[in-house]
Amino acid sequence: MTAPAAGRVEARFRSSGALREGHFQLKSGRHGTSYLEKFQVLQHPATVSELCAMLAATVTDADGRPAVDVVVGPTTGGVILAFETARQLGLPGFFAEEVGEASGTVRRVFRRGFRLQAGQRVLLVDDILTTGGSLLAMLPPIEAAGAELVRAAVLVDRAGGTTQVTSPTSGRTYPVTALWVLDLPTYEPGPATCPGCAAGLPVEAPGSSGR
């Protein structure tokens, strides 16, 4: 995205107190010294509308016409983003949830009557990209429906510049656009690899895994 767009996103995250410093266990299981609490931003409807306008712009032409037919996102933050982005584009929007298998594995599925159709063009939106796991988990159900993923767009890429994701099932690659790109390192837990662990700092598990 353009520098002004990135600056606007950064300003919204900083002014809301969403960018925190400390010792955190991230959803991926890795540790970090910085954490982005997106719900501090997503609690403000006007801000959500502004951010989703930028997500929508990643798939519209010069006349404002969308190059997609549907917007999807993963639970949890992706639900809000998918519906508001879809509203602005005048399209349907829905989400995929995590479902546990008997084997202990977890996969994403479209439930509650949400169904992609073969040939539909899809915009996948999400909030924070750390390892890319949430986006990767969305690709199999999109591909299984025979839909065509046009682009994945995220609010923040904290991994330093992810430009594509590769499907774990088909091997196809899809473009990724981030509104704001950061380079916030993450670490394997343990004093040998994580500076927070080495310093003996208590670990916070914010978000859905903690407070």
Side-chain angles (χ1 to χ4, degrees), residues 1-2 4-6 8-9 12 38 41-42 45-99 107-159 161-181:
M1 294 296 290
T2 64
R8 286 162 59 196
V9 177
R12 300 302 177 267
K38 69 262 187 173
V41 175
L42 299 183
T47 299
V48 171
S49 181
E50 178 185 7
L51 296 175
C52 288
M54 288 187 270
L55 293 175
T58 66
V59 291
T60 53
D61 62 20
D63 296 321
R65 293 173 297 197
V68 296
D69 305 304
V70 62
V71 182
V72 304
T75 52
T76 308
V79 177
I80 298 171
L81 298 175
F83 278 102
E84 174 57 20
T85 303
R87 184 191 70 80
Q88 296 197 26
L89 291 170
L91 301 173
F94 46 86
F95 57 87
E97 303 167 75
E98 288 187 334
V99 173
R107 63 188 180 94
R108 290 273 178 187
V109 298
F110 292 110
R111 305 169 70 186
R112 307 176 192 276
F114 294 143
R115 289 185 179 85
L116 288 176
Q117 304 298 320
Q120 276 190 313
R121 301 168 299 169
V122 178
L123 170 64
L124 167 60
V125 297
D126 201 6
D127 40 52
I128 313 297
L129 187 155
T130 301
T131 63
S134 293
L135 296 183
L136 289 174
M138 290 290 295
L139 301 182
I142 293 173
E143 292 179 333
E148 180 66 28
L149 178 60
V150 172
R151 180 174 304 280
V154 299
L155 296 182
V156 184
D157 173 9
R158 56 166 292 158
T162 303
T163 59
Q164 63 181 30
V165 288
T166 302
S167 169
T169 50
S170 72
R172 290 187 60 185
T173 60
Y174 301 97
V176 177
T177 298
L179 302 183
W180 179 30
V181 178

Chemist: Side chains of Val9 and Met54: does their closest heavy-atom pair fall under 4.5 Å?
Modeler: yes

Chemist: Which donor-acceptor pairs under 3.5 Å do side chains of residues 132-142 form with protein atoms, sequence neighbours excluded?
Modeler:
none

Chemist: Thinking salt bridges, do Glu98 and Arg108 make one under a 4.0 Å N-O criterion?
Modeler: yes

Chemist: Supply the atom-to-atom distance Leu81 CG to Lys38 NZ, rounded to the nearest 0.5 angstrom.
Modeler: 9.5 Å

Chemist: Would you call the rings of Phe114 and Phe94 parallel, tilted or perpendicular, taking 30° and 60° as the class edges?
Modeler: parallel

Chemist: Are the side chain of Gln88 and the backbone of Ser49 linked by a donor-acceptor contact shorter than 3.5 Å?
Modeler: yes

Chemist: Do Glu143 and Arg172 sit within salt-bridge range, that is, some charged N less than 4.0 Å from a carboxylate O?
Modeler: no

Chemist: Would you name the heavy atoms of Thr130 and Ala159 that are closest together and state the gap between them?
Modeler: O-CB, 3.3 Å

Chemist: Output every pair passing ring pair (Phe, Tyr, Trp, His ring centres under 6.0 Å) with a member in residues 50-92, not counting sequence neighbours, ordered by first then second residue.
Modeler: none

Chemist: For a quick test of reading the model, state the closest non-hydrogen atom pair linking Gly77 to Asp127 and the distance between them.
Modeler: CA-OD2, 3.1 Å

Chemist: Is there side-chain contact between Gln117 and Asp69, with at least one heavy-atom pair below 4.5 Å?
Modeler: no

Chemist: Can you name the closest pair of heavy atoms from Leu123 and Ala153 and give their distance?
Modeler: CD1-CB, 4.2 Å

Chemist: Starting at CG of Leu89, measure out to CZ of Arg65 and round the result to the nearest 0.5 Å.
Modeler: 13.5 Å

Chemist: Ignoring hydrogens, what is the shortest heavy-atom contact between Val109 and Arg107? Give both atom names and the distance.
Modeler: CG1-NH1, 2.9 Å

Chemist: Measure the spacing between CG of Asp126 and OG1 of Thr75 and express it to the nearest 0.5 Å.
Modeler: 9.0 Å

Chemist: For Asp63, does its backbone N or O pair with a side-chain atom of Asp61 as donor and acceptor, under 3.5 Å?
Modeler: yes

Chemist: Specify the closest pair of heavy atoms between Pro66 and Leu91, including all atoms of both residues, with the distance to one decimal.
Modeler: CB-CD1, 4.2 Å

Chemist: Under 3.5 Å, side chain of Asp157 to main-chain N/O of Thr162, donor-acceptor pair present?
Modeler: yes

Chemist: If every non-hydrogen atom of Val59 is compared with every non-hydrogen atom of Arg151, which pair is closest and at what distance?
Modeler: CG1-CB, 4.2 Å

Chemist: About how many Å separate CG of Leu42 and OG1 of Thr76, when rounded to the nearest 0.5 Å?
Modeler: 10.5 Å

